[in-house]
2 protein chains.
Amino acid sequence: MNPHPFTLRQLQYAVAVADALSFRRAAERCHVSQPSLSAQLAQLEGVLGVRLFERDRRRVLPTTAGRDLVDRARRLLVAADEVQAAASGFIDPLSGVLRLGVIPTVSPYLLPDVTPALHRTFKRLNLRWLEDKTHALVAALDEGRVDGALLALEADLGDVEHEVIAIDRFVLVSPPDHELGRGQGPVTAAELREQPVLLLDDGHCFRAQALDVCTKSRAHELEFRATSLTTLVQMVAGGAGLTLLPSLAVAAELKRSKLKVRPVNAPGAQRTIALVWRKKSPLAAPLKQVAAVIRDAWP
Amino acid sequence: MNPHPFTLRQLQYAVAVADALSFRRAAERCHVSQPSLSAQLAQLEGVLGVRLFERDRRRVLPTTAGRDLVDRARRLLVAADEVQAAASGFIDPLSGVLRLGVIPTVSPYLLPDVTPALHRTFKRLNLRWLEDKTHALVAALDEGRVDGALLALEADLGDVEHEVIAIDRFVLVSPPDHELGRGQGPVTAAELREQPVLLLDDGHCFRAQALDVCTKSRAHELEFRATSLTTLVQMVAGGAGLTLLPSLAVAAELKRSKLKVRPVNAPGAQRTIALVWRKKSPLAAPLKQVAAVIRDAWP
DNA sequence: CGGATTCATAGATTGAGACTATCGATATCA
DNA sequence: TGATATCGATAGTCTCAATCTATGAATCCG
């Protein structure tokens with residue numbers, strides 16, 4: 001049982017330098033003077049016996065060893081934060097700050113209802129939402145920048161636990177005079193064949209899912225790619241083609257619109273919205289309670 | 001980027017107290033005075049806002065929060081050690097201390113050959129062997145007390161990576177005048193039926209495997225349980241019954257003995273000896289090299 | 001060239017963590 | 001019952017490690 005040769009603080013400094021690629025800026029971010037940070041890093045390199053950063057006068061570059069160490073250090077610091085969080089969890093799991101990620105195709109339609117509901121239920125809970133695409137949220141989750149995230153389970157999420165919120169079926173949006181707009185009941189895969197469909201930009205998990213429906217139904221994706229569901233709907237209203245929407249978005253996007261909406265009955269035409277968190281996160285229990293409230297607030 | 005509220009050292013102290021269940025003994029093991037350790041622990045409890053240990057005058061007991069924290073702290077400290085090890089790995093993976101576990105039914109038959117071979121190949125490698133039963137070695141591996149272990153893959157090993165060393169088939173040992181001793185070629189499951197067999201003590205993975213062979217072949221386990229393969233063989237020589245041995249042990253155990261040995265041709269009558277290590281261990285690469293040397297030295 | 005910016009070095013300051021000595025409470029045993 | 005040993009907590013002191021400011025040496029840019 002010997003004392004540890006390095007400190008958590010030294011690891012924080014190393015991570016900060018790797019992020020900032022500059023000793024001075026890293027020192028600022030850590031709220032210490034640049035010489036203090038230099039000294040600690042030198043000491044860390046000393047006890048490890050490896051040079052972690054190549055300091056050219058012009059720039060700072062992590063060595064192979066440095067990259068590896070910073071990677072490990074990140075995970076270590078997340079684990080250390082979790083020790084802290086776990087302890088707080090024993091005091092009161094549902095007070096303090098809870099940082100949650102949410103994808104753009106859910107956020108604007110769900111949060112207006114969910115946020116007040118959560119606030120009513122957990123008075124002392126201070127929620128911070130981060131809106132981004134799935135892959136960015138998964139990274140943020142892994143690095144401990146958020147405690148959980150509202151995502152579609154159909155995307156690639158890595159090693160997480162989850163609690164399902166709702167199944168969100170897809171609908172077809174078409175101009176009222178379009179042949180598919182005039183039909184009754186759910187749209188079938190056969191009806192979609194050869195139809196021109198507008199989709200979201202790359203990186204949205206809803207794009208991937210909608211594209212999958214199109215491929216399986218032999219529908220055609222049009223060239224144009226929208227950055228939001230609102231844009232998609234406006235394009236359809238302008239007669240540019242058809243589009244798919246998650247049911248969640250229908251109420252907000254099609255209020256006072258004359259566009260026709262029909263559920264889609266084709267393979268893969270739905271998504272499973274869930275609250276996910278890191279495996280073994282100490283916040284699992286409170287997050288499940290949060291998930292229950294979100295589920296109740298689902299439109 | 002705020003500085004961490006606690007230190008690795010404080011976590012070490014907490015783990016030491018949980019292990020020793022005494023402040024004084026924990027302090028000894030950490031090579032500090034008891035008041036220093038008390039102070040650090042009090043501070044840790046302070047920043048976490050939770051009492052970690054109930055100090056009755058008669059004994060020290062971890063609270064629920066304490067148990068949870070110590071658990072996390074253990075994993076954290078293993079990860080911290082691995083940062084250190086990873087750094088060493090960048091200097092010279094095959095120098096310095098390598099701590100390996102090995103099970104008792106392998107150790108005495110393999111190490112006499114393997115140790116010199118490893119020493120010849122990796123001159124600067126300082127090997128430390130820990131002999132224990134599988135479950136103890138798995139725990140030691142998980143807690144970072146050993147870097148790897150020589151085990152039978154048939155046992156329950158948890159989340160590890162491995163490199164196979166050899167398949168070790170089982171043989172039947174019988175007195176020369178026994179009916180099975182007079183047979184030729186491999187012993188079949190049918191021949192074993194109703195035969196009296198001597199096995200090892202509980203906890204040996206070889207006991208579990210040999211028992212499995214007996215069950216499937218309808219052989220009978222005798223009451224007596226030996227603590228070593230040597231004892232088993234002596235019992236057979238004394239006419240107490242038959243026994244199974246791994247091939248590995250045959251040369252050493254049956255030198256100058258008149259007992260009869262026949263390979264066993266029955267389901268499950270073999271074990272896969274492998275070198276295993278923690279998933280993502282930084283020592284994976286050097287351990288593979290070590291495994292290769294052990295494989296070459298296998299009799 | 002002159003000024004700005006980079007990381008490293010030097011020397012002073014302070015505070016965290018270590019030590020020894022001791023207290024108060026409890027368990028053990030004569 | 002009283003003596004003694006043992007436990008963790010407390011008090012007071014000391015020391016060194018981590019910080020700071022000031023400055024140096026090397027590079028980049030106008």
Side-chain angles (χ1 to χ4, degrees), chain A residues 1-48 50-63 65-66 69-70 73 77 80 84, chain B residues 1-63 65-66 69-70 73 77 80:
Chain A
M1 267 292 210
N2 293 322
H4 251 279
F6 55 82
T7 67
L8 287 174
R9 186 170 307 187
Q10 289 168 345
L11 296 185
Q12 279 188 304
Y13 290 173
V15 169
V17 168
D19 285 343
L21 293 179
S22 149
F23 278 48
R24 203 191 105 263
R25 280 194 299 277
E28 263 174 37
R29 234 197 280 177
C30 295
H31 309 114
V32 292
S33 70
Q34 167 264 315
S36 296
L37 183 137
S38 278
Q40 287 302 308
L41 263 184
Q43 191 169 330
L44 180 60
E45 290 179 326
V47 297
L48 294 180
V50 193
R51 196 144 186 83
L52 300 173
F53 298 97
E54 286 310 325
R55 326 41 165 162
D56 215 83
R57 290 291 170 197
R58 54 206 328 169
R59 67 186 191 283
V60 174
L61 267 190
T63 61
L69 172 119
V70 166
L77 292 170
Q84 174 81 41
Chain B
M1 265 291 211
N2 293 321
H4 251 280
F6 55 81
T7 66
L8 286 175
R9 186 170 308 188
Q10 289 168 345
L11 295 186
Q12 280 187 306
Y13 290 173
V15 169
V17 169
D19 285 342
L21 292 179
S22 149
F23 277 49
R24 192 164 293 278
R25 280 194 298 277
E28 264 173 38
R29 235 198 278 176
C30 294
H31 309 112
V32 292
S33 70
Q34 169 263 316
S36 296
L37 182 137
S38 277
Q40 287 301 307
L41 262 184
Q43 193 170 331
L44 180 61
E45 290 180 325
V47 297
L48 294 181
V50 193
R51 196 143 186 83
L52 300 173
F53 298 97
E54 287 309 326
R55 305 79 148 148
D56 212 84
R57 291 291 171 199
R58 54 206 327 170
R59 67 186 190 283
V60 174
L61 265 191
T63 61
L69 172 119
V70 165
L77 291 169

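Labels below follow one simple rule: chain letters A, B, ... track the order of the sequence lines, proteins then strands, and each chain is numbered from 1.
- In this structure, A:E45 and A:V50 have side chains that are not in contact, with every pair of non-hydrogen atoms separated by 4.5 Å or more.
- B:A20 pairs by the side chain to side chain contact (heavy atoms under 4.5 Å, CB included) definition with B:R25, B:A26, B:R29, not counting sequence neighbours.
- Atom CD of A:Q12 is separated from atom P of D:dA18 by 14 Å (rounded to the nearest Å).
- Remark: C1' of D:dG8 and CD of B:E28 are 14 Å apart, rounded to the nearest angstrom.
- Between B:F23 atom CZ and C:dT26 atom P there is a gap of 17 Å when expressed in whole angstrom units.
- Contacts of B:Q40 classified as side chain to side chain contact (heavy atoms under 4.5 Å, CB included), with partners at least two apart in sequence or in another chain: B:Q10, B:Y13, B:Q43.
- A sub-4.0 Å separation between OP1 or OP2 of D:dG8 and a side-chain N or O of B:S38 is absent.
- At whole-Å resolution of the value, CZ in B:R24 and C1' in C:dA25 are 14 Å apart.
- A straight line from CZ of B:R25 to P of D:dT6 spans 12 Å, rounded to a whole angstrom.
- Considering only heavy atoms from C-beta on, A:L21 comes within 4.5 Å of A:P62 through its side chain.
- B:F53 pairs by the ring-ring contact (aromatic ring centres under 6.0 Å, His included) definition with nothing, not counting sequence neighbours.
- Taking every heavy atom of both residues into account, A:V70 and A:A14 meet most closely at CG2-O, 3.9 Å.
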- Which letter, B, S or -, goes with each nucleotide of nucleotides 15-21 of chain C from 5' to 3', with contact meaning a protein heavy atom under 4.0 Å? --SBBBB
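- Here the P atom of nucleotide D:dG8 and the CZ atom of B:F53 are 11 Å apart, to the nearest Å.
- Qualifying side chain to side chain contact (heavy atoms under 4.5 Å, CB included) partners for B:A80, counting only residues two or more places apart in sequence or in other chains: A:H4, A:F6, A:L76, B:L8.
- Here the side chain of B:Q34 pairs no donor or acceptor atom with the backbone of B:R24 at under 3.5 angstrom.
- End-to-end axis angle of the helix from C:dC1-D:dG30 to C:dA30-D:dT1, using five pairs per end and rounding to 10°, comes to 20°.
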